[in-house]
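Everything numeric here is computed off the predicted structure, so don't read it as measured data.
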Amino acid sequence: ATFHRRATLDLTGRLPSPEEVDSYVAHASAEKREQLVDRLLASDAFIESWAMRLGRLLRLRSQKDKDKTPITPKAVRTYHGWIADRLREGTGYNEIAQALLTGTGDTETVGPAGFYNTTEDPLLQTEFMTEALLGSRMRCANCHNHPLDKWTQDDFHGLTAIFAKVARGATVRLSPLGKAIHPQTGKPARMKVPGERFLPKDTKDGRAALAEWVTSEDNPYFAKAIVNRLWQTMMGRGLVEPVDDFRATNPATHPALLDRLADDFVAHGFDLRHTLKTIALSAAYARS
């Protein structure tokens with residue numbers, strides 16, 4: 001009964017009914033835990049609960065403050081509906097991230113375009129994206145090279161330069177004249193995939209190259225960042241805490257476990273349900 005309650009709360013955000021508990025306890029099958037988890041993961045309640053969780057991660061909310069880029073209620077519903085549909089279809093988390101990073105169009109009809117209206121400017125977009133999708137506080141490289149990680153000012157402002165080419169608003173579109181000023185040189189920063197390479201000077205939209213790097217199987221942050229968040233949700237604490245502060249000087253409590261979860265996540269097509277099921281059926285999760 002304890003396992004049934006725990007799994008139902010974590011996977012659907014709801015308490016089970018007394019009838020559901022009684023039926024589960026009376027069930028004698030040796031596979032009843034796996035059957036329960038599969039049923040919960042296939043439920044509408046799972047989609048509703050986890051669309052809300054992902055929406056919170058992606059800062060999905062209406063904004064009416066005149067100093068912020070407006071997100072209308074209709075745009076919020078479109079964005080939320082898009083997230084829910086991706087969960088319903090079992091879309092890989094890598095594909096979700098790629099769509100968000102390259103989102104363009106009318107925010108009231110194109111869900112992922114709303115990703116660019118959650119912040120007011122390219123600099124804040126850089127901070128938000130790296131924390132949400134990479135679990136890394138790259139903001140520390142804004143004014144100087146990161147003192148506790150590998151990120152440099154060129155990485156931070158090269159990424160900001162990519163986001164500067166995006167015009168926010170009711171319609172998210174490319175802005176050819178957009179630029180980010182590098183504080184060290186006082187000149188426009190050159191677009192750069194963080195930690196990797198500068199993009200060609202004639203690049204008009206660097207988001208495709210960025211999305212490819214972010215979601216690459218070889219990216220040391222992307223898969224680990226999301227499986228760490230899944231672990232935190234299921235277990236109450238991440239293997240890396242805070243969950244948005246991955247760096248060499250803040251190692252995981254169980255690095256081998258984090259590596260195994262991330263590798264398994266990638267091997268199974270960045271499938272959120274697969275990793276949630278893996279955690280839910282582990283001996284660790286079943287303990288009191």
Next on the checklist: As an exercise, state the distance from CG of L60 to CZ of R53, rounded to the nearest 0.5 Å.
Outcome noted: 15.0 Å
Item to check | Among L58, V214, I83, side chain to side chain contact (heavy atoms under 4.5 Å, CB included) partner for L100 | outcome: L58
Checklist entry - Centroid-to-centroid, Y93 to W50, below 6.0 Å? => result no
Item to check | Any donor-acceptor N/O pair, T215 side chain to A211 backbone, under 3.5 Å | outcome: yes
Next on the checklist: Please find the pair of heavy atoms, one from L261 and one from L239, that lie closest to each other, and give the distance.
Outcome noted: CD1-CD1, 4.2 Å
Checklist entry - Just by distance, do the side chain of R273 and the backbone of L87 share a donor-acceptor pair under 3.5 Å? => result yes
Checklist entry - Heavy-atom distance under 4.5 Å between the side chains of H182 and K187, does that happen here? => result no
Checklist entry - For H4 and E20, what are the C-alpha separation, side-chain angles and deciding distance, and is it a side chain to side chain contact (heavy atoms under 4.5 Å, CB included)? => result CA-CA 9 Å; H4 184 275; E20 289 172 330; 4.0 Å; yes
Item to check | W151 to G195 - nearest heavy-atom pair and separation | outcome: CZ3-N, 4.1 Å
Next on the checklist: Using the rule given for side chain to side chain contact (heavy atoms under 4.5 Å, CB included), can you reason through T160 versus Q125, listing the C-alpha separation, both sets of side-chain angles and the distance that settles it, and then say yes or no?
Outcome noted: CA-CA 7 Å; T160 302; Q125 188 76 31; over 6 Å; no
Checklist entry - F3 vs Y285 aromatic rings, parallel, tilted or perpendicular, using cut-offs 30° and 60°? => result perpendicular
Checklist entry - Can you list the steps and then say if R5 with V21 is a side chain to side chain contact (heavy atoms under 4.5 Å, CB included)? => result CA-CA 8 Å; R5 180 180 187 276; V21 176; over 6 Å; no
Item to check | Check: N117 side chain, G169 main-chain N or O, donor-acceptor pair, under 3.5 Å | outcome: yes
Item to check | Point-to-point distance, once rounded to the nearest 0.5 Å, from OG of S29 to CG of L36 | outcome: 11.5 Å
Checklist entry - Cluster question for you: counting only ILVMFWY and a side-chain heavy-atom cut-off of under 4.5 Å, with indirect links fine, are V266 and Y221 together? => result yes
Checklist entry - Between S43 and F46, is there a donor-acceptor pair closer than 3.5 Å when you use the side chain of the first and the backbone of the second? => result yes
Checklist outcome for this item: For G135 and A225, the nearest pair of non-hydrogen atoms, with its separation, is N-CB, 3.7 Å
Checklist entry - What closest approach, in Å, do S288 and R6 show between heavy atoms, and which atom pair accounts for it? => result CA-NH2, 4.0 Å
Checklist entry - Considering only heavy atoms from C-beta outward, does the side chain of T275 approach that of H268 to under 4.5 Å? => result no
Checklist entry - Would you find a donor on one side and an acceptor on the other, under 3.5 Å apart, between the side chain of T130 and the backbone of E127? => result yes
Checklist entry - Just by distance, with hydrogens left out, do T152 and D155 show a side-chain donor and acceptor under 3.5 Å apart? => result yes
Item to check | Residues R168 and E120 bridged, charged N to O under 4.0 Å | outcome: no
Checklist entry - So, T12 and S49: side-chain donor and acceptor under 3.5 Å apart, yes or no? => result no
Item to check | Centroid-centroid under 6.0 Å between F128 and F115 rings | outcome: yes
Next on the checklist: One pair to check against side-chain hydrogen bond (donor to acceptor under 3.5 Å, both in side chains): E241 and Q232. What are the steps and the verdict?
Outcome noted: CA-CA 9 Å; E241 283 284 351; Q232 183 202 47; 3.2 Å; yes
Checklist outcome for this item: Output for pair (I96 CD1, L54 CG), nearest 0.5 Å, gives 6.5 Å
Checklist entry - Are any of the side-chain nitrogens in D202 or K204 under 4.0 Å away from the carboxylate oxygens of its partner? => result no
Checklist entry - Do H27 and Q35 have side chains that get closer than 4.5 Å, going by heavy atoms? => result yes
Checklist entry - Less than 4.5 Å apart, any side-chain heavy atom of D244 and any of S136? => result no
Next on the checklist: So, taking the atom named CG in L11 and the one named NZ in K277, what distance separates them when rounded to the nearest 0.5 Å?
Outcome noted: 11.5 Å
Checklist entry - In terms of heavy-atom contacts, does CZ of R88 have more than 12 from other residues, nucleotides or ligands at under 6.0 Å? => result yes
Checklist entry - Checking H254 side chain against A256 main chain: does a donor-acceptor pair fall under 3.5 Å? => result no
Checklist outcome for this item: Tightest non-hydrogen contact, residues A252 and P255, listed as O-CD, 3.5 Å
Checklist entry - Are K165 and D205 ion-paired here, with the side-chain N under 4.0 Å from a carboxylate O? => result no
Checklist entry - Which of these, T78, T72, T171, sits in a side-chain hydrogen bond (donor to acceptor under 3.5 Å, both in side chains) with E108? => result T72
Item to check | CA sep, side-chain torsions, deciding dist, call: R207, V166, side chain to side chain contact (heavy atoms under 4.5 Å, CB included) | outcome: CA-CA 9 Å; R207 294 180 300 163; V166 180; 3.6 Å; yes
Item to check | Side chain N219, main chain W213, donor-acceptor under 3.5 Å | outcome: yes
Item to check | Value rounded to 0.5 Å, distance of CG in N94 from CZ in F222 | outcome: 6.0 Å
Checklist entry - Is there a donor-acceptor contact under 3.5 Å from the side chain of D271 to the main chain of F265? => result no
Item to check | Joint cluster assignment, M235 & L40, ILVMFWY side-chain distance < 4.5 Å | outcome: yes
Checklist entry - Would you call Y79 and T107 a side-chain contact if the rule is heavy atoms closer than 4.5 Å? => result no
Checklist entry - With hydrophobic residues grouped by side-chain heavy-atom distances under 4.5 Å, do L134 and V243 end up in a single group? => result no
Checklist entry - Is K32 positioned over the aromatic face of Y24, cation under 6.0 angstrom from the ring centre and no more than 45 degrees off axis? => result yes
Next on the checklist: Is there a side-chain contact between D85 and W82 in this structure, where contact means two heavy atoms from C-beta onward sitting under 4.5 Å apart?
Outcome noted: no
Checklist entry - In Å, rounded to the nearest 0.5 Å, how long is the span from CD of Q98 to CZ of F270? => result 8.5 Å
Item to check | Any donor-acceptor pair under 3.5 Å from R190 side chain to L199 backbone | outcome: yes
Checklist entry - Between N228 (side chain) and G238 (backbone), is there a donor-acceptor pair under 3.5 Å? => result no
Checklist entry - According to a 4.5 Å side-chain heavy-atom criterion applied to Ile, Leu, Val, Met, Phe, Trp and Tyr, with indirect links allowed, do M138 and F198 form part of one hydrophobic cluster? => result no
Item to check | Close side-chain approach of R14 to E48, heavy-atom, < 4.5 Å | outcome: yes
Item to check | Heavy-atom closest pair, residues T104 and V172 | outcome: CG2-O, 3.0 Å
Item to check | Shared hydrophobic cluster, L230 / M52 (ILVMFWY, side-chain heavy atoms < 4.5 Å) | outcome: no
Next on the checklist: Within the structure provided, determine whether T8 and L15 are in side-chain contact (heavy-atom separation under 4.5 Å).
Outcome noted: no
Next on the checklist: Closer than 4.0 angstrom, basic N to acidic O: yes or no for K192 and D154?
Outcome noted: no
